[in-house]
Amino acid sequence: MAAERGSPSLLALLLLLAGGGQRPGAADYCSWRGSGLSWEPRSRAVEQVHLRCTEGSLEWMYPARALRVVLEPNLSSARRTTVCIKPASDFQGASIYVERAGQLHLVASPQRDISRRTASFQYELLTNQGAAGPEFKKMALVEAMCRPCDNMELLMAICSSDFVVKGSIRNVSHDSENHMSQVDVSIQKVYRQKNRIFQQDEASGEWRGPIRTLLQCKVKKGGGDFLFTGNEHFGEAWLGCAPRFKDFMFIYRAARERGANPCEFQLN
């Protein structure tokens, strides 16, 4: 772990995931915001923050010394927990380390900038409580993002995805720097969405929304109607299964006739 050049203070964010559940009387703090200017300048003590939700954010202005962030939501029954961290685009002033079994692993370093420093990030925790759990299905879809879904994956996607919409592709743009592509979609019907990512345009009355995917998937604009499914991460929609709508209808109706559909889906 390295200190910032020209300063005797250790500037670091230390993240530790604790799986023992909440302590008695502990409050549910999802996010934290603080400033290093309020700390005693001569002290070498490491400040500690406990965050007890499955998602939230942290903003540390004018970082000084080290801040130990303990993520300890009530996940004591979980077999596996995955921590997702998204540093802010203007992340400055500290390095992020994840602590595992007493060892520190560097996640993100500060950008070199002489302007005001703010070390901030968002976090999400994904939990696997068994092979049939919905979070496991989400992770499986993410891992298979670039290949077409098979019939069973598609049928599971309409049951467990954060969003399910019918629409067409308006435009596809690529961001090589961040290794992402964005699919802008015109929506005909919103079957389900966790949050209001897909919204109605006040002027045209058309429902629209952006969906992101990996650049390596090489998504191209195609004609016709699709069924877009996927999950939300850090307030953004990420693409899962996206068959042509007519193909989905054929697969779903055939599964329903056999009694093999894992959930009912509103066709009309």
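Just the heavy atoms: all of them, side chains too, but no hydrogens, waters or symmetry mates, feed the values below.
Considering only heavy atoms from C-beta on, D247 stays 4.5 Å or farther from L154 through its side chain. Residues T54 and C30 fail the side-chain proximity criterion, which asks for heavy atoms closer than 4.5 Å. W32 places a side-chain heavy atom less than 4.5 Å from the side chain of W60. Within the 4.5 Å cutoff, side-chain heavy atoms of E264 are placed close to those of R256. You'll find the side chain of L58 reaches within 4.5 Å of the side chain of F121, heavy atoms only. Contact of the I197 side chain with the D162 side chain is not registered, since no non-hydrogen atoms from C-beta on lie closer than 4.5 Å. Looking at V190 and F163, their side chains never come closer than 4.5 Å, going by heavy atoms from C-beta outward. Residues L215 and D175 have side chains not in contact (no heavy-atom distance under 4.5 Å, counting atoms from C-beta outward).
To the nearest 0.5 Å, atom CH2 of residue W207 and atom CD of residue Q188 are 14.0 Å apart. We find the CD-NZ distance between Q122 and K86 to be 6.0 Å, quoted to the nearest 0.5 Å. Distance check, rounded to the nearest 0.5 Å: CD1 of I211 to CG of L239 gives 6.0 Å. Q199 contributes atom CD, which lies 12.5 Å from atom CZ of R208 (distance to the nearest 0.5 angstrom). Between atom OG of residue S181 and atom NZ of residue K218 there is a gap of 11.0 Å, rounded to the nearest 0.5 Å. Atom OH of Y97 and atom CG of L106 lie 5.0 Å apart (nearest 0.5 Å).
Across D150 and E153, no two heavy atoms sit closer than the pair OD1-N, 2.8 Å. The two residues T229 and S161 make their nearest non-hydrogen contact at CB-OG, 3.6 Å. Counting all heavy atoms, side chain and backbone alike, A237 lies closest to F198 at CB-CZ, 4.4 Å. Closest heavy-atom contact between F226 and I169: CE1-CD1, 4.2 Å. Heavy-atom minimum distance, Y62 versus S35: CD1-OG, 3.9 Å. Pairing each heavy atom of P87 with each of I85, the nearest pair is CD-O, 3.7 Å.
By the 30° and 60° cut-offs, the orientation of the rings of F245 relative to Y191 is parallel.
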Review point. Would F265 and F248 count as a ring pair (Phe, Tyr, Trp, His ring centres under 6.0 Å) if you check the C-alpha gap in whole Å, the side-chain angles of each, and the deciding distance to 0.1 Å?
Key: CA-CA 11 Å; F265 185 78; F248 159 72; 5.2 Å; yes
Exercise for review: Step by step, work out the side chain to side chain contact (heavy atoms under 4.5 Å, CB included) result for Y252 and I158.
Suggested key: CA-CA 10 Å; Y252 177 77; I158 64 173; 4.0 Å; yes
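Looking only at distances, no side-chain donor or acceptor of R170 sits under 3.5 Å from a matching main-chain atom of G209. In this structure, the side chain of E257 does not engage the main chain of A254 through any donor-acceptor pair within 3.5 Å. When atom types are taken as modelled, the side chain of E124 and the backbone of E55 share no donor-acceptor pair closer than 3.5 angstrom. A donor-acceptor pair is defined here as one N or O able to donate and one able to accept, closer than 3.5 Å; such a pair exists between the side chain of S31 and the backbone of S57.
The disulfide (SG to SG under 2.5 Å) search around C84 returns none, not counting sequence neighbours.
A continuous path of hydrophobic side-chain contacts links V172 to V165 [ILVMFWY only; heavy atoms under 4.5 Å]. A continuous path of hydrophobic side-chain contacts links M249 to V164 [ILVMFWY only; heavy atoms under 4.5 Å].
Residues Q182 and D184 bring a donor and an acceptor atom of their side chains to less than 3.5 Å of each other.
Both the sub-6.0 Å distance and the 45° axial angle are not jointly satisfied by K246 relative to the ring of F250.
Ion pairing between a basic and an acidic side chain is recognised when a charged N comes within 4.0 Å of a carboxylate O; E236 and R212 show such pairing.
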